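A short worksheet on the structure shown next.
Reckoned from all heavy atoms, side chains included, excluding hydrogens, waters and symmetry mates. Bear in mind the structure is a predicted one, so any value in this text is a computation, not a measurement. The first residue in the sequence is number 1, and the count goes up from there.
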Amino acid sequence: MVEHLTPTDASMLAIEDADHGSHIQVIYVFEGEPPTPLEFRETVEQRLLGAPRFRQRVVRVPFNLGRPAWVDDERFDLDFHLRRTALPSPGGEEELRALSNRLLQRPLDLGRPLWEMWLVEGLAANHFAVIHRVHHCMVDGVATQDISGMMFSSSPEEDRPVAEPACPGHVPSQAELVVSGLSDLAAHSSRVLAGLLRGSRAPRDLWDDAVQSARTLGTLTGVSGAVPTTLINRPGGPRRRTDWVRLPMAELRETKNLVGTTLNNVVLAAATGALHRYLERQGEPITAGMRAMVPVSVRLDPDRGVLGNQVSAIYPVLPVGETDPERRLALVAAEVEELRGGQGVALERLMNLGGFAPPTIMEQVQRLLLLNPGAHNLVISNVPGPGTPYYLRGRKLVEVLPSGTTMPRHGLNLVMISYLGTLFVAVSSDPDVVPDAAGFASDLEHSFAELRDWARTRVDPAEPAQ
C-alpha cells in the first residue's frame with residue numbers, strides 16, 4: 001500500500017525553492033573522544049534505521065494527480081547519509097558556526113531519503129559534535145526530539161536495540177501511483193468532511209468554524225491587515241547565519257512564576273523587546289506591531305515517536321513599539337490567549353481542507369498560507385527538550401544547538417530547544433537581509449534579563465520568592 005504525505009507534510013515540500021531549503025538542522029555537542037566511523041555507523045544502523053522513514057524517499061505522483069508518496073529507496077546506501085569532517089583549529093564556536101552555515105545552505109537530495117548525519121571532530125576541550133539534517137516534510141520540531149531519543153541512550157551504559165534487517169519493498173509503478181494518489185485524495189476528503197461533521201454538534205458550530213477559518217485566511221493573506229514591511233522582510237538569497245544564545249531555564253521559570261504567566265509568553269515578550277532594540281539601533285521606524293508565526297504542536301501523547309508534522313500555528317501581533325516590559329508582556333499574553341483557541345485550530349483546518357483540492361492548486365494555496373509576506377514578519381518556535389541527559393556510546397550530550405532555514409522575505413527565524421537546564425536559542429538569519437544578527441542575539445539576551453529583573457522587583461523583600 002502506498003503511503004502519501006499528509007497535506008501539512010506536503011506543504012513543507014511546496015514552500016521549498018532553489019534559495020530556501022526546508023530542512024531542520026540540530027547540532028549535538030558531546031564531551032569526550034569521538035566514536036570511530038565504524039562505531040558511529042553501527043549506532044545509526046542499530047538505533048535509527050528501525051524507523052522505516054529513514055530508508056524511504058519521496059516520489060511525485062504523475063501529472064500531480066495526488067500528493068507525493070513515500071516509497072522504499074531501492075538504492076538505499078547508509079554511507080551516503082553519514083558524513084565525517086573536522087573543524088579547523090582552534091575548533092571553537094566560530095568554526096562550528098561556519099560549518100553549520102555552509103550545511104544550512106545546502107539542500108537535501110530529493111532523490112534519496114531526506115536526512116544526513118555528520119560526525120564532527122576537532123572541537124576544542126575534548127568535545128565532538130553530531131549534526132543532524134532532516135527535511136521538514138519528514139519531521140516537526142517535537143519529532144526531532146523523538147529522533148534524539150531514538151538515536152541516543154538515556155544511560156552512559158550503552159544499550160543497542162538492533163534494528164530489524166530491512167529489504168526494500170515494492171516500488172509502485174507510475175500507473176499505481178496515479179491510482180493510489182486519486183484514491184488517497186478521495187479518502188482524505190471523506191475523513192476531513194466526517195471530522196467536520198463529527199466535531200460540529202449543530203449548524204451553528206459549522207457556521208462558527210467557517211467564520212473563524214475565513215478570518216484566519218484573511219489574516220494570512222494580508223486581506224485583513226497586512227503586516228508592516230521591515231528591513232528583515234526584504235528579498236534574500238541562499239546564505240545563512242546562526243547565532244546562539246544560552247539562557248538558564250531556572251531564571252526563565254522564575255520569571256514566569258513571579259509574573260504568573262507561561263514560559264512561551266516570556267519568550268515572545270523577550271523577542272518583542274529584542275526587536276524594538278534592534279530596529280531602533282538600525283534606524284528602522286518602530287512600528288506599532290509586528291506579527292510572528294508561532295508553531296503550535298497538536299501532537300497527542302500516543303503520537304510521540306511518530307514522524308511527520310503534527311503542528312498548527314498562531315500569528316500573534318508583537319507590540320514592538322512598547323518600551324515598558326510589564327506592559328509588553330501583558331499585551332503579548334492577552335494576544336496569545338485570544339488566538340490560541342481559534343486561530344491555531346482554524347489554520348490546521350485550512351491545511352486539511354487543502355487536501356480536497358488537486359495537488360497543483362493545493363501547493364499554491366499552501367505557499368500563500370506559509371510564505372505570503374503580508375502574513376507575518378518572522379518565525380518563533382520553542383520546542384521542549386529532554387530534562388535528563390543523553391549519551392552516545394557513553395559520551396554525554398552537553399549542548400543541543402538548533403538552527404533553521406529562512407523563507408523568502410522572512411529573513412529572521414528564532415528556534416529554541418531546552419536541554420538540561422538551558423534554553424538554547426538559535427537566531428537564524430539571512431545575512432543578505434538581516435544586518436548584524438549577532439547584535440540581535442545580544443539584544444535578545446538583554447531583553448530576557450530585563451524581564452527577569454522587572455519580575456524580581458514584584459517580590460516583597462520581606463517575602464523572598466520560593
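Taking 4.5 Å as the limit, every side-chain heavy atom of Thr405 sits out of range of all side-chain heavy atoms of His20. Side-chain contact check for Val266 versus Thr261: some heavy-atom pair is nearer than 4.5 Å. For the pair Met138/Phe54, a side-chain contact is recorded, criterion being any heavy-atom separation below 4.5 Å from C-beta on. In this structure the side chain of Met249 reaches within 4.5 angstrom of the side chain of Leu263, judged on heavy atoms. When side chains are defined from C-beta on, Arg281 counts as touching Asp443, because their heavy atoms get closer than 4.5 Å. Side-chain contact between Glu251 and Arg456 is present, with at least one heavy-atom pair separated by less than 4.5 Å. For the pair Ile380/Leu318, a side-chain contact is recorded, criterion being any heavy-atom separation below 4.5 Å from C-beta on. Under the 4.5 Å side-chain criterion, counting only non-hydrogen atoms from C-beta, Leu420 is in contact with Lys396.
Considering CD1 of Ile15 and SG of Cys137, their distance stands at 10.5 Å, rounded to 0.5 Å. With values rounded to the nearest 0.5 angstrom, Trp70 atom CH2 is found 5.0 Å from Arg53 atom CZ. Atom CD of Glu31 is separated from atom CG of Leu397 by 9.5 Å, given to the nearest 0.5 angstrom. A distance of 9.0 Å separates CD1 of Ile417 from OG of Ser403, quoted to the nearest 0.5 Å. Here CH2 of Trp244 is found 4.0 Å from CD1 of Ile27. Values are rounded to the nearest 0.5 Å. Distance CG/Asp430 to OG1/Thr406: 4.5 Å, rounded to 0.5 Å.
For CZ of Arg83, the number of neighbouring non-hydrogen atoms (other residues, nucleotides, ligands) closer than 6.0 Å is greater than 12.
In terms of modelled atom types and a separation under 3.5 Å, the side chain of His132 and the main chain of Met117 share no donor-acceptor contact. Remark: the backbone N or O of Ala270 is paired with a side-chain donor or acceptor of Ser447 at under 3.5 angstrom. Listed for the Glu335 side chain is no donor-acceptor partner under 3.5 Å among the backbone atoms of Val332. Looking only at distances, a side-chain donor or acceptor of Ser418 sits under 3.5 Å from a matching main-chain atom of Gly385. Without hydrogens or angle criteria, Glu16 side chain to Ser22 main chain gives a donor-acceptor distance under 3.5 Å. Remark: the backbone N or O of Leu231 is paired with a side-chain donor or acceptor of Arg234 at under 3.5 angstrom. Of the possible polar contacts, none joining the Asp432 side chain to the Gly236 backbone as a donor-acceptor pair under 3.5 Å is found. Listed for the Asn377 side chain is no donor-acceptor partner under 3.5 Å among the backbone atoms of Asn233. A donor-acceptor contact shorter than 3.5 Å links the side chain of His81 to the backbone of Trp115. In terms of modelled atom types and a separation under 3.5 Å, the side chain of Arg291 and the main chain of Ala375 share a donor-acceptor contact.
Between Arg67 and Leu5, the closest heavy-atom pair is NE-O, 2.6 Å. Residues Leu119 and Pro34 share a closest heavy-atom pair of CD1-CB, 4.5 Å. The shortest heavy-atom contact between Arg239 and Pro431 is O-CD, 3.4 Å. Residues Met150 and Ala51 approach most closely at CE-CB, 3.6 Å, considering heavy atoms. Taking both residues in full, the closest heavy atoms of Pro68 and Val58 are given as CB-CG1, 3.7 Å, listed atom of the first, atom of the second, then distance. For the pair Asp243 and Ala437, the tightest heavy-atom approach, listed with the atom from each and the gap, is OD2-CB, 3.6 Å.
Between Tyr390 and Tyr28, the gap from one ring centroid to the other reaches at least 6.0 Å.
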Pair Val227, Met290 - check side chain to side chain contact (heavy atoms under 4.5 Å, CB included), show working.
CA-CA 6 Å; Val227 301; Met290 295 171 63; over 6 Å; no
Would Leu275 and Phe440 count as a side chain to side chain contact (heavy atoms under 4.5 Å, CB included) here? Give the steps.
CA-CA 8 Å; Leu275 285 167; Phe440 179 84; 3.8 Å; yes
Salt bridge (Lys or Arg N to Asp or Glu O under 4.0 Å) between Glu450 and Arg277, intermediate numbers included
CA-CA 12 Å; Glu450 181 184 44; Arg277 290 174 58 86; over 6 Å; no
As a quick check of understanding, evaluate side chain to side chain contact (heavy atoms under 4.5 Å, CB included) for Leu114 and His23, giving each step before the final call.
CA-CA 9 Å; Leu114 295 172; His23 55 274; over 6 Å; no
Start with the C-alpha distance between Thr43 and Arg393, add both sets of side-chain angles, then the distance that settles side chain to side chain donor-acceptor pair (under 3.5 Å), and finish with yes or no.
CA-CA 8 Å; Thr43 297; Arg393 288 189 172 253; 2.8 Å; yes
What verdict does the side chain to side chain contact (heavy atoms under 4.5 Å, CB included) test give for Ile131 and Thr85, after you've listed the backbone C-alpha separation in whole Å, the side-chain angles of each residue and the deciding distance to 0.1 Å?
CA-CA 11 Å; Ile131 301 180; Thr85 190; over 6 Å; no
Residue pair Glu254, Arg452: steps toward the salt bridge (Lys or Arg N to Asp or Glu O under 4.0 Å) verdict:
CA-CA 8 Å; Glu254 176 193 12; Arg452 178 202 63 204; over 6 Å; no
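Legend: residues meeting salt bridge (Lys or Arg N to Asp or Glu O under 4.0 Å) with Asp19, ordered by chain and number and at least two apart, are absent. Taking the ring-ring contact (aromatic ring centres under 6.0 Å, His included) definition, one finds that Phe448 meets it with nothing, sequence neighbours left out.
Ring geometry for Phe30 against Phe128 counts as parallel: the plane angle stays under 30°, on a 0 to 90° scale with 60° as the upper cut. Under the 30°/60° scheme for interplanar angles, the aromatic rings of His376 and His410 are found to lie parallel.
Cation-pi geometry between Arg112 and Phe80 is satisfied (NZ or CZ under 6.0 Å from the ring centre, within 45° of the ring normal).
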Side-chain polar contacts of residues 100-108 - donor-acceptor pairs under 3.5 angstrom, sequence neighbours left out - could you list them?
unit_1: Ser100; atom_1: OG; unit_2: Gln25; atom_2: NE2; d: 3.1
unit_1: Asn101; atom_1: OD1; unit_2: Thr242; atom_2: N; d: 3.1
unit_1: Asn101; atom_1: ND2; unit_2: Arg97; atom_2: O; d: 3.3
unit_1: Gln105; atom_1: OE1; unit_2: Arg240; atom_2: N; d: 3.2

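Salt bridge annotation for Glu93-Arg246: present, with a cationic side-chain nitrogen under 4.0 angstrom from a carboxylate oxygen.
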